[in-house]
Amino acid sequence: MSGWRVRIDADRCSGIGMCEALAPDVLEVGDDGRVHARRDGFADGLRDQVEGAVRSCPTRSLRVVPEHKTV
Ligand code: SF4
């Protein structure tokens with residue numbers, strides 16, 4: 001089972017929440033109006049929904065990276 005992580009550029013996020021609607025298991029918009037990861041990593045079974053969120057983000061604030069990648 002591969003592990004993935006979503007990388008968030010919080011400075012670009014406008015907080016509208018399209019990503020949260022598409023990947024509610026992994027992403028949520030916080031009280032600060034920015035998106036946050038609900039978990040540190042996720043498995044292959046959630047990758048399609050997260051990739052959909054990445055594609056739908058109007059500010060291109062999201063990326064999926066392997067969980068072990070640090071940069
Ligand atoms: S879709 Fe993009 S801009 Fe909107 S809340 Fe999610 S990360 Fe932020």
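Each ligand, and each atom within it, is numbered from 1 in the order the structure gives. In this text the structure is predicted, and so the values were computed from the model without any measurement. Heavy atoms only: backbone and side chains are in, while hydrogens, waters and symmetry mates are out.
Residues that satisfy the side-chain contact (heavy atoms from CB on, under 4.5 Å) test with R38, not counting sequence neighbours, are E28. Here R47 pairs with E51 under the side-chain hydrogen bond (donor to acceptor under 3.5 Å, both in side chains) rule; sequence neighbours left out. With sequence neighbours excluded, the residues that form a side-chain contact (heavy atoms from CB on, under 4.5 Å) with Q49 are A23, P24, D25, L46.
No continuous path of hydrophobic side-chain contacts links M18 to V29 [ILVMFWY only; heavy atoms under 4.5 Å].
Put simply, the side chain of W4 does not reach to within 4.5 Å of the side chain of V26, judged on heavy atoms.
Closest heavy-atom contact between C19 and L62: CB-CD1, 3.6 Å.
For atom 2 (Fe) of ligand 1, the set of protein N/O/S atoms nearer than 2.8 Å consists of C57 SG, ordered by chain and number.
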